[in-house]
Asker: 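The structure is given below, and queries will be raised subsequently.
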2 protein chains.
Amino acid sequence: MTGMLFDDEGRRLLDQLFDKWSLLVLEALCARPRRFHELREHLPAVTPKSLTTCLRRLERNGLVERLVLSTDPLAVEYRITRLGRTLEEPLQAMLRWVVDHLDVVETARSHYDERRSPEERSTRTS
Amino acid sequence: MTGMLFDDEGRRLLDQLFDKWSLLVLEALCARPRRFHELREHLPAVTPKSLTTCLRRLERNGLVERLVLSTDPLAVEYRITRLGRTLEEPLQAMLRWVVDHLDVVETARSHYDERRSPEERSTRTS
DNA sequence: CCGTATCCAGAATGATACTG
DNA sequence: CAGTATCATTCTGGATACGG
């Protein structure tokens, strides 16, 4: 079924959707339209540069649209498109899975690390 | 809802799940257990190093298990765990979305690129 | 067959400062 | 407010060769 994901187009879209911020940005915009600085506050660790890159990419892929409101001072609003909205459910399901299984995964990691180094109490987290 | 995804644990799990190969490896293992070289054939562009890294990570996170079959020559089998299986549905939904919307996204990209450079026929694909 | 070791190029990201 | 520019750094991932 996923043969298409191995050619260049498929790989690129997959990589771009699942880059460091896209999923979280999309989720934030699914809830409601947001301004640039609102997104920055919502995603504490993102730098303006990374956020711009991410938003441009989502815009280019047709998942997000950028609206310049000609107010003073300048305001810009990002909102999910209809195409982006079709991704909402799968996206939410994946994020929910991650949140719901964080502790189980953490337990699995501990077991794995202990088995690999039974004597030393390593503090590796990578 | 996704507040947990902004701390270190959540971010790391998110990044590791959505690294370059994890999703495709997981999908392959959902279908059936596979040997190392089977995975390499299934994912044409992956190098042994990248595949190893990916598999170790999935194993550490408890999503995949590694079984050494003491045959001769040595055989190793990777299979999805019960925890990994709980991710199957959300995962399939996301991959299906990508496959189903590749063409729409491609169209969106063309429009975006044309609007940004109306005169020159740029061939950018990144 | 199943990886690991080493080296390295390029991408992704961050820090910081600055502009319309 | 909403970014861009620049520089430094980190990190991923590929190429290649070798080891258990």
Side-chain angles (χ1 to χ4, degrees), chain A residues 5-6 8 10-25 28-29 33-61 64-79 116-117 124-126, chain B residues 5-6 8 11-25 28-29 33-61 64-79 116 124-126:
Chain A
L5 299 181
F6 300 123
D8 280 354
R11 269 250 57 107
R12 187 154 39 236
L13 180 52
L14 205 58
D15 291 343
Q16 293 184 359
L17 266 183
F18 299 120
D19 73 358
K20 190 162 183 179
W21 299 108
S22 294
L23 292 184
L24 296 177
V25 167
L29 294 181
R34 312 225 189 200
R35 310 267 298 272
F36 191 82
H37 78 273
E38 290 181 285
L39 287 171
R40 288 197 65 184
E41 287 155 18
H42 188 75
L43 291 73
V46 72
T47 60
K49 177 184 168 185
S50 298
L51 184 54
T52 299
T53 305
C54 177
L55 286 168
R56 291 290 174 280
R57 199 138 64 182
L58 290 173
E59 195 191 350
R60 180 166 184 258
N61 287 335
V64 160
E65 62 181 340
R66 178 176 183 270
L67 297 168
V68 181
L69 313 175
S70 302
T71 56
D72 182 83
L74 176 64
V76 176
E77 193 177 81
Y78 293 92
R79 46 172 71 229
R116 299 208 72 187
S117 53
R124 66 188 298 254
T125 52
S126 65
Chain B
L5 299 180
F6 300 124
D8 280 355
R11 270 251 55 110
R12 188 154 38 235
L13 179 52
L14 205 59
D15 291 344
Q16 294 184 358
L17 268 182
F18 298 117
D19 72 358
K20 189 164 184 178
W21 300 107
S22 294
L23 292 183
L24 296 176
V25 167
L29 295 181
R34 313 229 189 197
R35 309 267 299 272
F36 191 82
H37 79 272
E38 290 182 287
L39 287 171
R40 289 197 65 183
E41 288 155 18
H42 187 76
L43 291 74
V46 74
T47 60
K49 176 187 168 183
S50 297
L51 183 54
T52 299
T53 306
C54 178
L55 286 167
R56 291 291 173 278
R57 200 138 64 181
L58 291 173
E59 195 191 352
R60 180 167 184 259
N61 287 335
V64 160
E65 61 181 340
R66 179 175 183 270
L67 297 166
V68 181
L69 314 174
S70 301
T71 56
D72 181 82
L74 177 64
V76 177
E77 194 177 83
Y78 292 92
R79 46 172 71 231
R116 299 207 71 188
R124 67 188 300 253
T125 52
S126 63

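Here is how names work: the chains are called A, B, and so on, in the same order as the sequence lines, proteins then strands, and each is numbered from 1.
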Asker: CD of A:Gln16 versus P of C:dA11: gap in Å, rounded?
Answerer: 13 Å

Asker: Could you pull out the closest heavy-atom pair between A:Arg34 and A:Ala28, with the gap in Å?
Answerer: NE-O, 3.0 Å

Asker: Identify whether NZ of Lys or CZ of Arg in A:Arg40 sits under 6.0 Å from the centre of the six-membered ring of A:Trp21 and within 45° of that ring's axis.
Answerer: no

Asker: Picking from D:dG3, D:dC1, C:dC1, which would you name as closest to the side chain of A:Pro73?
Answerer: D:dC1

Asker: Check whether any side-chain N or O of A:Lys20 sits under 4.0 Å from OP1 or OP2 of C:dG14, and answer yes or no.
Answerer: yes

Asker: Of the nucleotides D:dG20, C:dG3, D:dT4, which has the atom closest to the A:Thr52 side chain?
Answerer: D:dT4

Asker: Which listed nucleotide (C:dC1, C:dT4, D:dG3) is nearest to the side chain of A:Tyr78?
Answerer: D:dG3

Asker: Where the side chain of B:Leu74 is defined as all heavy atoms beyond and including C-beta, which of D:dG14, C:dG3, D:dG20 is the nearest nucleotide?
Answerer: D:dG20

Asker: Rounded to whole Å, how long is the line connecting atom CD of B:Glu77 with atom C1' of C:dG3?
Answerer: 17 Å

Asker: Could you tell me how far apart A:Leu67 (CG) and D:dC1 (C1') are, to the nearest whole angstrom?
Answerer: 16 Å

Asker: Without decimals, in angstroms, what is the distance between B:Arg57 CZ and C:dG3 P?
Answerer: 17 Å

Asker: Mind telling me whether A:Phe36 and A:Tyr78 have parallel, tilted or perpendicular rings, with 30° and 60° as the class edges?
Answerer: tilted

Asker: Please determine, for the side chain of A:His37, which listed nucleotide (D:dC1, C:dC2, D:dG13) has the closest atom?
Answerer: D:dC1

Asker: To the nearest Å, give me how far apart CG (B:Leu69) and P (C:dC2) are.
Answerer: 9 Å

Asker: Taking atom types as modelled and ignoring hydrogens, do the side chains of B:Thr47 and B:Ser50 form a donor-acceptor contact shorter than 3.5 angstrom?
Answerer: yes

Asker: For A:Arg66, answer base if it contacts any base atom (sugar-phosphate contacts may also be present), sugar-phosphate if it contacts only those atoms, and nothing otherwise; contact means non-hydrogen atoms under 4.0 Å.
Answerer: sugar-phosphate

Asker: Is any side-chain nitrogen or oxygen of A:Arg56 closer than 4.0 Å to OP1 or OP2 of D:dG3?
Answerer: yes

Asker: Looking only at the side chain of B:Thr47 (C-beta and beyond, no hydrogens), which of the listed nucleotides D:dG3, D:dG14, C:dG14 gets closest?
Answerer: D:dG14

Asker: Can you tell me the distance, in whole Å, between the CZ atom of A:Arg40 and the C1' atom of C:dG14?
Answerer: 12 Å

Asker: Between B:Leu17 and B:Ser22, what is the shortest heavy-atom contact and its length?
Answerer: O-CB, 3.1 Å

Asker: Among C:dC2, D:dT4, C:dC7, which nucleotide has an atom closest to any side-chain atom of B:Lys49?
Answerer: C:dC7

Asker: Please report, rounded to the nearest Å, how far the C1' atom of D:dT4 is from the CG atom of A:Leu55.
Answerer: 14 Å

Asker: Which of these nucleotides, D:dG14, C:dG3, D:dA2, is closest to any side-chain atom of B:Ser50?
Answerer: D:dG14

Asker: By nearest heavy atom, map B:Pro48 and A:Ala45 onto DNA chain C; which one lands nearer the 5' end?
Answerer: B:Pro48

Asker: Is A:Thr53 near enough to C:dA12 that one of its side-chain N or O atoms lies under 4.0 angstrom from OP1 or OP2?
Answerer: no

Asker: In whole angstrom, give the distance that lies between atom CG of A:Leu51 and atom C1' of C:dT16.
Answerer: 17 Å

Asker: I need the minimum non-hydrogen distance between B:Leu74 and B:Arg35, along with the two atoms involved.
Answerer: O-NH2, 4.4 Å

Asker: Does D:dA2 have OP1 or OP2 under 4.0 Å away from a side-chain N or O of A:Arg35?
Answerer: yes

